[in-house]
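To keep things clear, I will list the structure first and then write my remarks on it.
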Amino acid sequence: MWFILVGGTLEWLGYMFRVFAIGAEGPSSWLVVSQTFLIVSPALLVGQCYIIIERMMAYVGKEYGFTDHNEITRIFLGADIIAIVIQAIGSSVLTDARQDLYQAKVAKKILVAGLLLQIITFGIYSFFAVTFDFRSSRDPALRAYDTQMRGLRKLWIAFYVSAVLITLRSIYRAVEFADIAPGPRGIYDPDGYLFTHEWPMYVFDAIPVLISVVAFSIWHPGAQVGESSAGLVFLRRDEGW
C-alpha cells in the first residue's frame, strides 16, 4: 500500500504548493513543484493497481491469465516507472519554461508522451486483468471457495473504480497539456481553457484520485490477499486439486 500512501501524499502536497503558487507574483518555483507532484501522483496509484492485480493472480492461480503474473507485472510496472519519469521531466521543464517558447513546446510534447504511455500501458494491463477476472470468476472449481472469492470481488470493484477514474484523469491531463499553445512569453501566456481554469482540475483530477484512494482504503488489499498472496493456490494443492 506504500504506492497509495506516497501517491496520496504527493497529491495533497501538490495542491498545497498550488495554493502558494497562486499567492505568488509571476512565475514561481511553487508552481513547478505543484505541477510535478500532481502529475506524478496518479501514476503511483497505477503502480499500486499493478501490484494488487499481481497478488490476486498469485492468490487465485496463474492458469487463468495469459502469461505468468510476475512477468507481466514486471513489464508493466517498469513501463509505469518510465512514464512517471517522463511526466516528471516534462512537467518540470514545462512549468519552468518561463519566456522560452521553444522549451515550452518541447516540454509539452514530452509530458503528453508520458501521459499517453501511461494510458496505453494501463489500458493493456487492464484488459489482462479483466480477462483474468472473467475466467476465474466463472470457473466451477472455485465455487468451493465462495467466501474467499467474495472477498476478492470487493478488491476487484475497487480496482475497476480506480482504473476507470485514473484513466479518465490521465486523458483529461493529456488533453489539457495538448491544448496548450504557449504565447510569446512562454508557458505563462497559454491559450487553453483547461489550463487557464481551476474547476476542471478539481473535477477531473482531484476527485478521481480521492475516490481511488478511498476505494482501496475501504477494501484494503491486505485484508483480502495479505502479503504472501498464497491463498487459494495452497488450499487447492492441500486438497489435491
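Quick caveat: nothing in here was measured; it's all calculated off a predicted structure.
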Margin query: With clusters defined by side-chain heavy atoms of hydrophobic residues (ILVMFWY) lying less than 4.5 Å apart, directly or transitively, does L168 cluster with V161?
Written below: no
Notebook entry, point to check: Do F132 and I53 have side-chain heavy atoms sitting under 4.5 Å apart?
Noted result: no
Notebook entry, point to check: About how many Å separate SG of C49 and CZ of F122, when rounded to the nearest 0.5 Å?
Noted result: 4.5 Å
Next item on the list: Apply side-chain hydrogen bond (donor to acceptor under 3.5 Å, both in side chains) to the pair D133 and Y160, showing each step before the final yes or no.
Entry: CA-CA 11 Å; D133 182 27; Y160 288 136; 2.6 Å; yes
Check: L45 pairs by side chain to side chain contact (heavy atoms under 4.5 Å, CB included) with which of V6, V213, L165?
Finding: V213
Notebook entry, point to check: Which value, rounded to the nearest 0.5 Å, describes the distance between I218 atom CD1 and L155 atom CG?
Noted result: 12.5 Å
Checklist line | Inter-residue atom distance T167.OG1 - Q118.CD, 0.5 Å rounding | finding: 8.0 Å
Notebook entry, point to check: Distance from I52 atom CD1 to Y59 atom OH, nearest 0.5 Å?
Noted result: 15.0 Å
Item checked: Ion pair check, E71 and R74, cut-off under 4.0 Å -> no
Check: What is the distance from atom CG of D205 to atom CD1 of I166, rounded to the nearest 0.5 Å?
Finding: 10.5 Å
Next item on the list: Locate the shortest heavy-atom distance separating L10 from S41; write the atom from each residue and the value.
Entry: CB-CB, 3.8 Å
Notebook entry, point to check: Out of curiosity, I4 CD1 to S217 OG, how far, rounded to the nearest 0.5 Å?
Noted result: 6.5 Å
Next item on the list: Assign the ring pair Y50 / F76 to parallel, tilted or perpendicular, where the plane angle (0 to 90°) is split at 30° and 60°.
Entry: tilted
Note to self: Between the side chains of E198 and R18, is the shortest nitrogen-to-carboxylate-oxygen separation below 4.0 Å, so that they form an ion pair?
What the structure shows: yes
Notebook entry, point to check: If Ile, Leu, Val, Met, Phe, Trp and Tyr residues are connected whenever their side-chain heavy atoms lie under 4.5 Å apart, and connections chain through other members, are L38 and Y202 in the same group?
Noted result: yes
Item checked: Step-by-step side-chain contact (heavy atoms from CB on, under 4.5 Å) determination, Y125 to D80 -> CA-CA 11 Å; Y125 190 87; D80 188 52; over 6 Å; no
Checklist line | For the student: nearest non-hydrogen atoms of Y64 and R135, plus distance | finding: O-CD, 3.1 Å
Next item on the list: Assign the ring pair F159 / W156 to parallel, tilted or perpendicular, where the plane angle (0 to 90°) is split at 30° and 60°.
Entry: perpendicular
Next item on the list: Look only at the side chain of S34 and the backbone of G14, and say whether a donor-acceptor pair between them is shorter than 3.5 Å.
Entry: yes
Item checked: Heavy-atom side-chain proximity of R153 to S137 below 4.5 angstrom -> yes
Next item on the list: Report whether V164 and I157 are members of the same hydrophobic cluster (ILVMFWY, side-chain heavy atoms less than 4.5 Å apart, transitive linking).
Entry: no
Note to self: Do K105 and K108 have side chains that approach each other closer than 4.5 Å (heavy atoms only, starting at C-beta)?
What the structure shows: no
Check: I84 and A43: which non-hydrogen atoms are nearest, and at how many Å?
Finding: CG1-CB, 3.2 Å
Check: What pair of heavy atoms forms the shortest contact from Q87 to L111, and how long is it?
Finding: O-CD1, 3.6 Å
Item checked: pair I110-V93: side-chain heavy atoms closer than 4.5 Å -> no
Check: Would you call the rings of F204 and Y172 parallel, tilted or perpendicular, where under 30° means parallel and over 60° means perpendicular?
Finding: tilted
Checklist line | Considering all heavy atoms, the nearest A206-E11 contact | finding: CA-OE2, 3.9 Å
Checklist line | For A129 against M57, the heavy-atom pair lying closest together | finding: CA-CE, 4.4 Å
Notebook entry, point to check: Would the F37 and Y15 ring centres measure less than 6.0 Å apart?
Noted result: no
Item checked: Full working for side-chain contact (heavy atoms from CB on, under 4.5 Å) between R169 and L115 -> CA-CA 10 Å; R169 173 264 169 199; L115 289 166; 4.1 Å; yes
